[in-house]
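Below is one structure, written out as structure tokens; the observations come after it.
Computed from a prediction, not measured in an experiment: that's the story for all the values here. Excluded from the calculations below are hydrogen atoms, water molecules and symmetry mates; all remaining heavy atoms, backbone and side chain alike, are included.
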Amino acid sequence: MVSRPMVVSALRSDALADGVRAALDADAGRVALRRFPDDETYVRFEDDPAGRDVVVVSDLHHPDAKTVALALLCAAARDLGARRVGLVAPYMPYMRQDARFKPLEGVTSRYYGRLLSGAVDWLVTVDPHLHRHASMSEVLTIPHRVASAAAEVAAWVKAHVPDPFLVGPDAESAQWAERIAGLAGAPHVVLEKTRRGDRDVEITVPDLERWRARTPVLVDDIVSTGTTLIETLGHARRAGLRPAVVVVIHALFSGDAWQRLEAARPARLVTCNAVPHLTNAIDLSGTIAAAVREVLD
Ligand code: R5P
């Protein structure tokens with residue numbers, strides 16, 4: 001008889017891991033993961049993973065510090081006889097370095113994908129930043145599933161925003177704006193963005209004035225410095241639109257980005273729980289568990 005999967009929470013992912021475990025009707029696997037005084041990682045399973053499917057749920061925001069600990073945890077699970085070891089990494093890091101933008105640069109999305117592919121048997125992620133990569137198969141060499149936050153975001157918009165219209169700040173966000181708008185039964189527009197540097201972006205806006213009778217919902221896959229959304233909020237305000245609601249899938253919020261974005265006065269700012277943050281209001285554990293079920297079957 002095959003035992004139930006064991007869901008392990010790694011690197012401050014308890015809330016999401018609990019949701020995924022409950023949706024999968026799986027067991028919780030406890031691990032002790034801590035730092036030795038010299039900053040190396042200590043790993044011990046408190047529940048035996050031998051013969052079991054181990055599902056590690058891990059936040060990979062700020063990945064460099066976390067990846068080694070995660071790889072060691074997964075290596076220990078394999079060494080202790082786990083049947084398969086899979087990783088739920090709702091935020092897939094490095095995906096924006098998806099090309100050689102300057103000569104001799106590294107295409108780190110590929111290298112990072114290969115690194116994770118060596119550490120686990122399968123991977124589930126949520127709405128990765130697929131722009132120049134057509135699919136995750138260009139990044140990962142192991143079985144994987146991509147879960148989408150679109151249905152949950154659309155349901156939230158329908159329940160909380162009167163007369164919404166979806167705004168994607170740039171071409172990359174078109175895929176989410178269009179899909180969420182379709183599911184929410186709302187119109188959408190996509191703006192044009194030119195990025196000149198990490199914190200220097202210009203947004204070109206089509207005729208926004210005609211949407212004054214609706215509530216703008218700015219939707220983006222990632223908020224990092226906040227510059228994209230702050231610029232877009234400014235345009236929406238100058239066009240005389242109603243105060244805009246902001247919905248983001250991956251709440252990275254570098255430095256003081258959250259405070260700066262709040263200072264730009266959105267009507268509401270909410271994020272999905274793909275990355276733990278105080279703005280999390282949209283739960284993705286159901287859609288993630290469905291993807292895990294598929295990969296385990
Ligand atoms: C990039 O194309 C992404 O879709 C986001 O728009 C971008 O990562 C947001 O970055 P920031 O918050 O630094 O403007």
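The stretch residues 53-80 participates, sequence neighbours left out, in no ring-ring contact (aromatic ring centres under 6.0 Å, His included) pair at all. Counting only residues at least two apart or on different chains, the side chain to side chain donor-acceptor pair (under 3.5 Å) pairs with a member in residues 178-190 are Ser148-Arg179. Applying the side chain to side chain donor-acceptor pair (under 3.5 Å) test to every pair with at least one member in residues 19-28, sequence neighbours left out, gives these pairs: Arg4-Asp25, Arg4-Asp27, Asp27-Arg52. Applying the ring-ring contact (aromatic ring centres under 6.0 Å, His included) test to pairs two or more places apart or on separate chains, those with a residue in residues 11-55 are Phe36-Tyr42.
For Arg212, there are no side-chain hydrogen bond (donor to acceptor under 3.5 Å, both in side chains) partners at least two apart in sequence or on another chain. In this structure Arg145 satisfies the salt bridge (charged side-chain N to carboxylate O under 4.0 Å, His left out) test together with Glu294, sequence neighbours excluded. Residues satisfying the salt bridge (charged side-chain N to carboxylate O under 4.0 Å, His left out) test with Arg210, not counting sequence neighbours, are Asp207. Every residue two or more places apart in sequence or in another chain was checked for a side-chain hydrogen bond (donor to acceptor under 3.5 Å, both in side chains) with Thr125, and none qualifies. By the side-chain hydrogen bond (donor to acceptor under 3.5 Å, both in side chains) test, Arg44 is found to be paired with no residue, residues two or more places apart in sequence or in another chain being considered. Taking Arg293 as the reference, nothing meets the side-chain hydrogen bond (donor to acceptor under 3.5 Å, both in side chains) condition, with sequence neighbours excluded.
Of the possible polar contacts, none joining the Thr41 side chain to the Ala69 backbone as a donor-acceptor pair under 3.5 Å is found. Looking at Arg84, its side chain never comes within 3.5 Å of a backbone N or O of Asp53 through a donor-acceptor pair. The backbone N or O of Cys272 sits less than 3.5 Å from a side-chain atom of Asn280, completing a donor-acceptor pair. Using a distance-only test at 3.5 Å, with no hydrogens or angles considered, a donor-acceptor pair links the side chain of Arg237 to the main chain of Arg265. Distance alone, capped at 3.5 Å, is enough to place a donor-acceptor pair between the Ser109 side chain and the Gln97 backbone.
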Apply salt bridge (Lys or Arg N to Asp or Glu O under 4.0 Å) to Arg83 and Asp121, showing your working.
CA-CA 10 Å; Arg83 181 167 175 254; Asp121 300 307; over 6 Å; no
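Side chains of Tyr112 and Asp64: a donor-acceptor N/O pair is absent below 3.5 angstrom, by distance only.
Nearest heavy-atom pair across Glu138 and Ala134 is OE2-N, 3.2 Å. Nearest heavy-atom pair across Ser135 and Leu130 is C-CD2, 3.8 Å.
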Return a table of donor-acceptor pairs under 3.5 angstrom between the side chains of residues 149-165 and protein atoms on other chains or two or more places apart.
residue : atom : partner : partner atom : Å
Trp156  : NE1  : His160  : ND1          : 3.2
His160  : ND1  : Trp156  : O            : 2.9

Considering only distance and modelled atom types, tabulate donor-acceptor pairs under 3.5 Å from the side chains of residues 238-255, sequence neighbours left out.
residue : atom : partner : partner atom : Å
Arg242  : NH1  : Thr215  : OG1          : 2.9
Arg242  : NH2  : Ala213  : O            : 2.8
His250  : NE2  : Val126  : O            : 3.0
His250  : NE2  : Asp127  : O            : 3.3
Ser254  : OG   : Ser224  : OG           : 3.1

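Ring-plane geometry between Trp258 and His277 is classed as perpendicular, the angle between the planes exceeding 60 degrees on a 0 to 90 degree scale with a lower cut at 30.
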